[in-house]
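A short worksheet on the structure shown next.
Position 1 is the first residue of the sequence, and the numbers go up from there.
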Amino acid sequence: MAQAKINAKANEGRFCRSSSMADRSSRLLESLDQLELRVEALRDAATAVEQEKEILLEMIHSIQNSQDMRQISDGEREELHLTANRLMGRTLTVEVSVETIRNPQQQESLKHATRIIDEVVNKFLDDLENAKSHLMSLYSACSSEVPPGPVDQKFQSIVIGCALEDQKKIKRRLETLLRNIESSDKAIKLLEHSKGAGSKNLQQNAENKFN
């Protein structure tokens with residue numbers, strides 16, 4: 001009888017300890033789940049800051065090279081350039097880095113994709129129009145929508161092999177490059193138009209002078 005009571009108390013103790021351990025484990029797991037949400041929110045916020053920095057630098061650079069900047073006085077242009085350089089310097093003081101975890105295959109795919117884009121960028125000065133078409137085909141390879149033009153199938157397979165975060169960064173870089181090319185095209189066309197208009201006015205003035 002006494003032995004039975006001892007065994008009962010021992011079993012009760014084991015049950016209490018087991019139940020307590022399970023509760024504790026559940027609470028710890030719940031805490032880690034909540035922390036995981038906060039970690040992902042932190043990475044998303046840091047990525048958003050990275051993107052905002054890229055956008056700000058692009059906008060400042062665009063203003064510095066805009067057609068409007070060429071059509072103001074030298075003094076005003078110098079003052080605006082100083083302001084733009086100050087803003088760019090302050091923007092560059094913001095350092096945010098979100099590291100992407102990659103396996104060896106993803107690392108190699110990223111290097112390959114980056115090398116292809118760099119090769120196209122290096123051809124800008126030689127043949128801007130052809131480089132633009134090539135960039136469009138690369139961008140179409142990153143788009144989930146139906147592309148308006150041809151798709152670089154080889155580049156698409158390379159991008160698919162990259163980590164998801166790298167795929168987004170590659171697409172953003174191509175978008176930025178295409179916007180810069182578009183801005184350059186507009187600036188060149190405006191410059192050609194102003195030169196053409198100036199030549200036409202000179203010709204008309206010369207004709208009026210001799211008439």
If you count heavy atoms of other groups shown closer than 6.0 angstrom to [atom1] of [X], is the number above 12?
| X | atom1 | value |
| --- | --- | --- |
| Lys168 | NZ | no |
| Glu58 | CD | yes |
| Gln51 | CD | yes |
| Ile101 | CD1 | no |
| Arg90 | CZ | no |
| His61 | NE2 | no |
| Met88 | CE | yes |

Is Arg77 salt-bridged to Asp74, cutoff N-O under 4.0 Å?
yes
Is Glu165 salt-bridged to Arg43, going by a charged N under 4.0 Å from an acidic O?
yes
Is any side-chain heavy atom of Leu42 closer than 4.5 Å to one of Arg38?
no
Check: Leu138 and Val151 side chains under 4.5 Å, non-hydrogen atoms
no
Anything under 3.5 Å between a donor and an acceptor, one on a side chain of residues 107-114, the other on a protein residue two or more places apart or in another chain? List them.
unit_1, atom_1, unit_2, atom_2, d
Ser109, OG, Gln105, O, 3.1
Thr114, OG1, Leu110, O, 2.8

Rounded to the nearest 0.5 Å, how far does [atom2] of [Y] lie from [atom1] of [X]?
| X | Y | atom1 | atom2 | value |
| --- | --- | --- | --- | --- |
| Leu80 | Asp68 | CG | CG | 10.5 Å |
| Thr176 | Arg179 | OG1 | CZ | 4.5 Å |
| Phe155 | Ile170 | CZ | CD1 | 5.5 Å |

